[in-house]
Amino acid sequence: MPAPQHSQHSRPQRSGRDLTSGAIAPTLLAFALPTLGSNVLQSLNGSINTIWVGRFLGEDALAATSNANIIMFLMFGMVFGFGMAATILVGQSWGRRDVEGARRAFGSAVGLVLAASVVTAIAGYVFAPEILTLLATPGRAYDEALAYLRVIFLSLPPSMLLVLVFMGLRGIGDSLTPLWFMVLSVVLDSSLNPVLILGLGPAPAWGIAGSAAATLFANLISCAVLLGYLYYRDVPLRLRGAEWRYLLPERALTRLIVSKGLPIGAQMLVISGAGLAMVGLVNRNGVEVTAAYGIAQQIWTYIQMPAMAIGAAVSAMTAQNIGAGRWDRVGAITRSGILFNLLLTGAAIALSLVFDRAILSLFVGADSAALPIARHINHIVTWAFVLFGVTMVVFGTVRANGAVWGPLAILFVAMFPIRLGVVALLHPALGVDALWWSFPVSLFSSMSLSLLYHARGTWRKGALVVPDDHECEERSHADVEPAGAMKPTA
């Protein structure tokens, strides 16, 4: 294992935070809350945009964005895994005080993700009609879905770069900077939506394509300002001079990121693939059911935010502690994460059930045929997201040490044979309700399997280490789970 680098050039600088000392629960909560704020703002942005589309353009446009957004999640997953793998490397390097290693991992991720997102954006733009046809997009919604999807594909590269920088900053313990720049992005996007949809002032009236264009412009501006901030504040992950070569990483580091990033990206693809399959089944029940499912998902997105934020915080904190050799703290981090998930996700579920009519009616009129359907869906599915939160915390722990194949297998089993199997089994008796009951069953299955996987303990046997520039490629071929050679001390 290479010795940590402690040169003056690599000494930790401003904007990073040590997550390897102090009381675990308060530190985890203080780190998770800004991440939760960022996630809530991101979801609020999507909800506001959905309100603009639903109010100004109607249910057909709402169904169109529902179909397009699940596709974007699929495309996002194709390049997201590289960023997550690099973030784990950044966190463990930061825990070892190896700032140069953190920069190299971050630079590699930027090069890989930007290249992949550009290719994905071009392919998505070209093949958008075929994608919508495969989804059985309702004819009434097809043209609007195509216009929206093609523009939103163009926003993928700046969006991915923005998310990647956020992930890297959290890897070094900074969750506040991503929050402030998420505020900027949300304000820009939500403000530009009505302007470009309706053509207010000198702006053109682009209809549903204007909603996608607002997202594109917001991402471009926020990304540019964030990059300027990194250099103005001399944030540790910025690259200067000879460090720009890290955007073209050496082969060993690239293979290490790809070997871990592909399974993580595949996890996203499994989730989005299951979502695509569900959308295809929902679409066959008409536009009203499709629109109802779309607005129910808006509530689910909010409910999942605490679990996602806590899972990300657990992952970042665990990675730093593993890098520092503080295995004695890892179990307590996981337990604290599960407790906070039960409290925060439970509170979100309770609020969504008590006020579901008022919340759902924000997206469609009170007399919409989609509203009672969305309430019915919400009552069946919503409570089960507390189980999802436990899974996210456990996955955050094991991924922080490079264990990626176990979570992938668990998600695949829960999302496909179990979820689709429940639909096939219950549909003759329950009809369309079989679609909604498949969610609690699959979420319970993924939680149970993740806890069993965590209890096995094999994911503890190692740590990810950024290879030296001169290191031979054998390290990159060590694709056992997890990779590396550092042994736990407890």
Does the pair V183 and L41 meet the rule for a side-chain contact (heavy atoms from CB on, under 4.5 Å), with working shown?
-> CA-CA 7 Å; V183 170; L41 284 171; 3.3 Å; yes
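- For F31, there are no ring pair (Phe, Tyr, Trp, His ring centres under 6.0 Å) partners, not counting sequence neighbours.
- Taking the side chain as every heavy atom from C-beta outward, M84 and V404 never approach each other to under 4.5 Å.
- In terms of heavy atoms, V398 sits closest to P407 at CG2-CG, 3.9 Å.
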Take F395 and I410, measure what side-chain contact (heavy atoms from CB on, under 4.5 Å) needs, and give me the verdict at the end.
-> CA-CA 10 Å; F395 281 1; I410 289 169; 3.9 Å; yes
Verify side chain to side chain donor-acceptor pair (under 3.5 Å) between T382 and S352, making sure each step is shown before the conclusion.
-> CA-CA 8 Å; T382 302; S352 72; 4.6 Å; no
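- Side-chain atoms of L169 and L176, non-hydrogen and from C-beta on, never get closer than 4.5 Å to each other.
- By the 4.5 Å heavy-atom criterion applied to side chains, R170 and T87 are not counted as neighbours.
- Of the inter-residue distances, the one linking L360 atom CG with I377 atom CD1 reads 9.5 Å to the nearest 0.5 angstrom.
- Closest approach of W459 and Y453 over heavy atoms only: CD1-O, 3.9 Å.
- Closest approach of G22 to R329, counting heavy atoms only: O-NH1, 3.0 Å.
- Of all heavy-atom pairs spanning V270 and F416, the tightest one is O-CE1, 3.7 Å.
- Put simply, the side chain of S438 gets close to the backbone of L435: a donor and an acceptor are under 3.5 Å apart.
- Between N285 and T290 the shortest side-chain heavy-atom distance does not fall below 4.5 Å.
- Rounding to the nearest 0.5 Å places CZ of F340 at 6.0 Å from CG of L28.
- Checking side-chain atoms of K260 against main-chain N and O of G402 turns up a donor-acceptor pair under 3.5 Å.
- Residue-environment remark: CE (M167) exceeds the threshold of 12 foreign heavy atoms within 6.0 Å.
- With contacts defined as side-chain heavy-atom distances shorter than 4.5 Å, the pair I359/Y302 does not qualify.
- Taken to the nearest 0.5 Å, the CG atom of N378 stands 4.5 Å off from the CD1 atom of I299.
- Looking at Q92, its side chain does come within 3.5 Å of a backbone N or O of A400 through a donor-acceptor pair.
- Using a distance-only test at 3.5 Å, with no hydrogens or angles considered, no donor-acceptor pair links the side chain of S336 to the main chain of I333.
- L114 has its side chain out of reach of M160: every pair of non-hydrogen atoms, C-beta onward, lies at least 4.5 Å apart.
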Derivation and outcome, side-chain contact (heavy atoms from CB on, under 4.5 Å), residues I373 and Y293 = CA-CA 8 Å; I373 301 173; Y293 180 63; over 6 Å; no
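- The side-chain heavy atoms of L371 and R357, taken from C-beta on, include a pair separated by under 4.5 Å.
- Shown here for S175 and A30, the closest heavy-atom pair between the two residues is OG-O, 4.4 Å.
- Side-chain atoms of T215 and D189 form a donor-acceptor pair, as typed in the model, at a separation below 3.5 Å.
- Using modelled atom types, no side-chain atom of T318 and backbone atom of S315 make a donor-acceptor pair closer than 3.5 Å.
- The shortest heavy-atom contact between A384 and P440 is CB-CA, 3.6 Å.
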Take N341 and M392, measure what side-chain contact (heavy atoms from CB on, under 4.5 Å) needs, and give me the verdict at the end.
-> CA-CA 9 Å; N341 163 70; M392 289 299 98; over 6 Å; no
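- By the 4.5 Å heavy-atom criterion applied to side chains, R150 and L154 are not counted as neighbours.
- Here the CG atom belonging to D328 is positioned 8.0 Å from the CG atom belonging to N321, to the nearest 0.5 angstrom.
- Residues meeting the salt bridge (charged side-chain N to carboxylate O under 4.0 Å, His left out) test with R375, sequence neighbours left out: D356.
- The backbone N or O of F439 sits less than 3.5 Å from a side-chain atom of S442, completing a donor-acceptor pair.
- The backbone N or O of P158 lies less than 3.5 Å from no partner atom in the side chain of N219, so there is not a single donor-acceptor pair.
- The aromatic rings of W300 and F385 lie tilted to each other, with the angle between the two planes from 30° to 60°.
- A donor-acceptor pair under 3.5 Å is formed between the side chain of R284 and the backbone N or O of G280.
- Side chain of R419 to backbone of A414: no donor-acceptor contact under 3.5 angstrom is found.
- Atom CZ in R460 sits 9.0 Å away from atom OG1 in T397 (nearest 0.5 Å).
- Counting only distance, with no hydrogens or angles, the side chain of W94 and the backbone of Q320 share no donor-acceptor pair below 3.5 Å.
- Taken to the nearest 0.5 Å, the CD atom of Q267 stands 9.5 Å off from the CH2 atom of W405.
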